[in-house]
Every structure is written in C-alpha cells, then in structure tokens.
Amino acid sequence: MLTIYNTLTKKKEKFEPINPPDVKMYTCGPTVYDYFHIGNARSFVMADMVRRYLEFKGYNVTFVMNLTDVDDKIIKKSREEQLNFNEVSKKYIKAFFEDIKKLKIKKADIYPKATENINDIIKMIEILEEKGFAYNVDGNVFYDVAKFKEYGKLSGKNIDELVSGSRIEINEEKKNPLDFALWKKAKEGEPYWESKWGKGRPGWHIECSAMSCKHLGGYFDIHAGGNDLIFPHHENEIAQSVAANDKPFVKYWLHFGFLNIEDEKMSKSLGNFFTTREVLKKYSAEAIRLFFAQAYYRGPLNFSYELLDAAERGASKLKNLAEIINREIKKNRTDGNLPAINISIFEEKFTAAMDDDFNTAQGVAVIFDFAKEVNRLIAENEKIKADFYLNVKNFLERTAAGVLGIIDFEAAKTVAGEGLSSDLIELLIEIRLNAKKNKNFALADEIRNKLKKLGVELRDSKEGTTYKMVK
RNA sequence: GGCGGCGUAGCCAAGCGGUCUAAGGCGAAGGUCUGCAAAACCUUUAUUCGUCGGUUCGAAUCCGACCGCCGCCUCCA
C-alpha cells in the first residue's frame with residue numbers, strides 16, 4: 001500500500017487515486033530564462049522517480065509539466081541579450097529538453113506553455129472576475145485574497161499575520177498587500193496579448209491553474225514542486241482553481257526539499273549554483289540520480305563535487321554489474337549452474353520501501369544488497385546459465401533502471417568509441433594474453449597501460465580478459 | 001515576529017515506540033583471488049542517535065526545555 005506525505009494535511013496518507021487506475025500528476029516546470037541548475041534538477045529527477053514508481057505500481061499516469069515562457073525574468077533577459085522574449089524562451093526550452101534527456105528523465109505527456117494557452121488563462125480570469133474574486137485596476141487584474149476563506153491552508157499561514165510581519169512591497173493598487181496579479185498590464189516594449197482589460201500578459205500563478213485544469217480537469221491527484229513554491233505559488237493556485245471551478249483542486253501535494261551548498265539553499269539569486277549542464281559534463285546521469293535517490297526527497301540535501309564523486313563510485317558498482325550481465329546474456333550459456341536467488345524477496349523489500357512515501361534511499365539500499373548477492377553468486381560459481389542473468393536483469397531493469405534510473409543496461413554495453421574498434425581491442429587482448437603466457441609481463445602491462453590511456457580498461461578474470469570504456 | 005524543517009559513524013544518509021548491541025553508499029584497515037593491476041567477494045569500522053530532563057515495562061523514535069543549523073513569509077525547484 002502506497003502512502004504519500006501530503007503537505008496539505010501534514011500527514012502521510014494512503015494513496016487512493018480519484019479514478020484508479022488513472023493518476024493525474026502535475027509538476028511545476030522551469031521558467032525558461034536560463035539553464036536550470038542542479039537544485040532544480042533534484043525536483044525534476046525526484047518527480048520523475050515518483051511518476052515512474054506510480055507506473056511501476058500499474059497506474060496509468062498522465063504527467064503534465066508546464067513551461068513558463070513569458071514572465072518578468074524572461075523579459076529582463078531578452079533586454080540584456082537584445083533578443084525577442086520568445087527567442088530567449090525558445091533557446092532555453094531547447095536547452096531544458098537536452099538536459100532532462102541527459103538526466104534520463106522520462107518525458108512528460110504534455111508540456112503546456114503559457115504563451116500557447118493565453119485564451120484559457122484569460123477565460124479563467126474572467127470567471128474569477130465574474131464571481132467577484134478578482135478586480136481590475138486600470139488594466140492590472142488582481143486576485144482578492146480576502147474573498148477566499150481557505151487562503152493560507154496549504155502553507156499554514158494566517159492572512160493577518162502575513163500582512164503584519166511581511167516584507168511584501170506595498171502596492172497602491174492592491175486592496176490587500178497579499179493580493180496577487182492575475183493579469184499584468186503591458187508596459188512600453190513588453191510582450192502583450194489583447195484582453196478585455198487591455199494589453200497585457202498573465203501573472204505567473206494563473207497559468208498553472210488554467211493549464212492543469214485544461215489537461216487534468218479541475219480536480220486531480222498529485223501536484224508536485226519545490227518547497228519554495230508552497231507559498232505563495234501553490235497557495236495561489238488553490239485560491240484560483242477552487243474559486244473558478246467550485247471544486248477541490250488537488251488531492252495530494254508533494255514538495256521537494258532544497259539542494260543546499262554549505263547548508264544554504266542553492267539559488268540563482270544567491271549565485272551559489274551549478275548548472276545541470278556543467279555537472280553533467282563531469283558526472284553520469286546514474287550518479288546524479290543515485291545521489292538524489294540516497295536522500296529523502298522532502299528533506300534538504302547538501303551538494304558538492306566530493307559527494308558526487310562518492311555517488312559516481314557507487315553508480316559504477318552497478319554499472320560494472322550491468323556489463324557482466326550483458327556479456328553473460330550474450331554468451332547465452334546453457335550449461336553450468338543456476339544459483340538460487342530469491343528475487344521476489346528483494347522485490348518485496350523494494351516495493352515496501354518505495355510504498356513508504358517513496359523512500360528511495362531504502363530502495364537504493366535494497367538494490368545494493370541485491371547487487372552484492374548477485375556478485376557473490378557470480379564469484380562462487382564457475383559457470384552460470386544465462387537464465388540466471390536474464391532473471392537478474394529483469395529485476396534490475398524494472399526497479400533500478402525503470403524506477404530509479406541508477407543503472408543503464410544500454411549504456412553499459414562495451415562498445416569502442418571514436419578512433420577505437422572493438423576488433424582491434426580484442427586483437428590486442430589476444431596478443432597480451434600470449435605475452436602473459438610467455439611471462440612477458442612487461443609487454444602485457446604496456447598494452448594494458450597504453451589502452452588505459454586511450455580510455456580502455458582491461459580486466460583479467462578466470463573467464464578471460466574483458467574491457468570497458470572509461471572516461 | 002509568524003509558520004515549517006533539520007541535528008544519527010571520518011563523510012553522505014535511511015530508520016520515526018520493541019525485529020536497533022541502528023540499513024545502504026563513499027572512505028579507511030585487514031583478507032580472498034591475481035604475475036601485477038582492476039573488478040568482485042569476505043571481515044572490521046556508532047552499545048550509540050545535538051544536550052539535559054520527562055512519559056513508558058521499553059525511546060534514535062513520543063513530550064518539554066535548551067544549544068546549533070536551515071527554509072518560507074518578495075522572484076525562486
């Protein structure tokens with residue numbers, strides 16, 4: 001039984017989809033004004049694991065992630081780069097897709113963009129206005145927070161206290177400092193769309209309400225995002241959606257903890273960030289995902305290259321195993337032993353861990369226990385039938401690869417890269433083997449060392465010599 | 001000021017009332033295998049969970065106080 005910690009109720013709750021086996025899930029995506037940093041990546045990766053696990057459980061998941069492609073930061077950037085705002089967003093949308101692909105994040109079913117849903121957004125604001133939840137001040141439309149009784153419920157905030165202790169800028173036009181913009185009047189040189197309130201663009205919060213409603217209906221199962229979105233973004237989404245649709249908005253709210261640097265939140269504004277791009281140049285997707293998966297998604301996690309080094313070493317352990325499995329399956333051996341391994345127990349443990357509010361750290365532990373057991377059996381048995389490896393691979397494919405994405409059997413295929421041919425490598429291995437037989441270890445070592453420099457690592461075993469490509 | 005979170009081995013990090021003399025990863029030490037490497041395996045590495053009290057037959061887990069750290073309350077994953 002899957003349980004999920006729900007930010008709304010501050011409790012772990014039994015997961016019961018509104019319309020099983022369908023699960024509708026929405027995650028706040030990037031504002032495409034720059035490359036996203038590795039802290040953003042944590043949210044995207046963890047949302048990906050949640051989604052994959054729901055699919056593993058047999059749910060039919062519809063996963064939607066929005067792209068905020070018009071907003072103040074994009075406009076600012078476009079001025080700096082002297083580009084049209086949509087050239088900026090286009091550039092970073094492209095980069096976003098490149099990066100999440102490298103992170104091996106499964107693509108969402110739909111990536112709605114704010115600029116492509118302006119009509120729906122306007123329609124929703126009109127409804128809010130008709131119902132008295134919104135007011136227009138000279139082309140700026142605000143949400144009237146005081147009209148929504150449950151405002152503050154998600155974030156546990158009290159409206160009166162918010163106002164008194166707040167750092168909110170006083171805006172003369174707003175009735176209440178907490179009121180937020182639904183529609184922003186266009187200033188000179190800003191992008192705009194026509195509306196009954198004049199030329200303008202949507203506020204940030206309304207796009208998520210309008211687009212989630214459009215693609216998932218007004219009430220859906222899971223809404224996820226970073227901790228910092230709880231207030232005001234998600235609070236505002238609730239206010240908008242519930243007021244407009246007259247029904248509850250989201251059943252389970254999921255929030256991801258921050259990635260910190262030296263105990264401080266990684267953020268663009270603090271400048272203490274690493275782009276996912278640069279991290280991906282040094283580390284594999286599996287290592288990055290393992291690093292994230294080893295911690296509870298909700299809590300804070302410190303980032304450093306030292307920690308990623310450790311994760312990379314851990315991931316290579318799984319990668320080595322994947323290589324052996326691939327190789328042995330290729331051999332298709334029908335003689336030898338079929339060592340007993342109780343895969344269903346590991347699967348039960350894995351499922352129990354993940355069922356407990358996506359305890360990926362525990363899930364990872366199960367995978368490493370499993371890998372150790374498999375390695376032990378490989379070491380203990382002279383020859384093992386291919387069936388053993390097929391069973392082992394099947395389990396890892398569904399869990400470590402399919403849910404967590406911390407192992408990749410495709411990438412683990414030892415294929416020679418640029419300027420290297422596998423036939424030539426095999427030839428050198430053969431020559432080296434002869435040298436070894438003749439006790440010419442100097443030559444044998446020379447071949448091994450020189451190949452290493454070319455990125456080919458040789459490994460001797462009782463089964464013969466194998467090679468793997470290393471960075 | 002209001003609200004929320006965190007403090008577990010050298011490092012990261014699960015566990016959240018008994019199975020905990022506390023997972024897993026990294027690191028370290030020793031060993032097996034090996035011509036040497038690499039990989040892999042085996043053994044060791046927290047009688048203790050920020051501090052001090054309390055509740056309980058029983059606490060890392062619940063309660064209180066205190067210390068330290070962080071986040072949200074303005075854009076932010």
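To find a chain, count down the sequence lines: A is the first, B the second, and so on, and within it residues start at 1.
For the OP1/OP2 pair of B/A37 and a distance below 4.0 Å, the side-chain nitrogens and oxygens of A/Asn449 include no atom meeting the criterion. Applying the 4.0 Å criterion to OP1 and OP2 of B/C41, one finds that A/Asn375 has a side-chain N or O inside that range.
Pair assignment for B/G71 gives B/C3, based on Watson-Crick or G-U wobble hydrogen-bonding distances that are each under 3.5 Å. Nucleotide B/A22 forms no Watson-Crick or G-U wobble pair with any nucleotide shown, as no partner meets the under 3.5 Å limit on both distances. Pairing for B/G64 is with B/C52, a Watson-Crick or G-U wobble pair whose two hydrogen-bonding atom distances lie under 3.5 Å. Across the strands present, B/A39 finds no partner; the criterion is a Watson-Crick or G-U wobble pair with both atom distances under 3.5 angstrom.
The aromatic rings of A/Phe180 and A/Tyr151 lie parallel to each other, with less than 30° between the two planes, well short of the 60° mark. Below 30°, between 30° and 60°, or above 60°: for A/Tyr26 and A/His223 the angle between ring planes is between 30° and 60°, a tilted geometry. Classification of the A/Tyr305-A/Tyr283 ring pair by plane angle, with boundaries at 30° and 60°, yields parallel. Ring orientation note: the planes of A/Phe249 and A/Phe220 are nearly perpendicular, at an angle over 60° on the 30°/60° scale. Ring geometry, A/Phe350 versus A/Phe395: the interplanar angle exceeds 60°, so the pair is classed perpendicular (tilted spans 30 to 60°).
Distance noted for atom P between B/U34 and B/A28: 24 Å (whole Å). If you take atom C1' in B/U21 and the same atom in B/U47, they sit 5 Å apart, rounded to whole Å. B/C76 and B/U45 have their P atoms separated by 49 Å, given to the nearest Å. Comparing B/A23 with B/C75, their P atoms sit 45 Å apart, to the nearest whole Å. Across B/C67 and B/A60, the matching P atoms stand 24 Å from one another, rounded to whole Å.
Cation-pi geometry between A/Lys265 and A/Phe258 is met: under 6.0 angstrom from the ring centre, within 45 degrees of the axis. Relative to the six-membered ring of A/Phe97, A/Lys107 meets both conditions, a distance below 6.0 Å and an angle of at most 45° to the axis. Relative to the ring axis of A/Phe273, A/Lys268 places its NZ or CZ within 45° and under 6.0 Å from the centre.
The nearest heavy atom of RNA chain B to A/Lys10 and to A/Ala371 marks one nucleotide each, and the one closer to the 5' end goes with A/Lys10. Each of A/Trp204 and A/Glu264 lies near RNA chain B, and the nucleotide nearest A/Glu264 is the one positioned closer to the 5' end.
Within 4.0 Å (heavy atoms only), A/Ile378 reaches no atom of the nucleic acid at all. Looking at heavy-atom distances under 4.0 Å, A/Met46 makes no contact with the nucleic acid at all. Counting non-hydrogen atoms under 4.0 angstrom, A/His37 reaches a base of the nucleic acid.
The base of B/G35 is paired with the side chain of A/Asp445 by a donor and an acceptor separated by under 3.5 Å. A/Asp460 contributes a side-chain N or O that forms a donor-acceptor pair with the base of B/C36 under 3.5 Å. Side-chain to base pairing of A/Lys268 with B/C75: no donor and acceptor N or O lie closer than 3.5 Å to each other. No donor-acceptor contact under 3.5 Å links the side chain of A/Arg376 to the base of B/C42.
Within 6.0 Å of NZ on A/Lys331 lie more than 12 heavy atoms contributed by other residues, nucleotides or ligands.
Contacts of residues 344-354 of chain A with RNA chain B (heavy atom under 4.0 Å): none.
Taking atom CG of residue A/Asn320 and atom C1' of nucleotide B/C41, one finds them 14 Å apart after rounding to whole Å.
In this structure, the nucleotide among B/A13, B/C70, B/C76 sitting nearest to the side chain of A/Asn260 is B/C70. Checked against B/C76, B/G2, B/G35, the side chain of A/Lys436 finds its nearest nucleotide in B/G35.
Exactly one of A/Asn359, A/Leu404, A/Val366, A/Thr399 qualifies for a side chain to side chain contact (heavy atoms under 4.5 Å, CB included) with A/Met354. That residue is A/Leu404.
For an aromatic pair to be called close, the ring centres must be under 6.0 Å apart, and A/His234 with A/His205 fails this.
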B/S/- contact track for nucleotides 14-27 of chain B, protein heavy atom under 4.0 Å: SS-------BBSSS
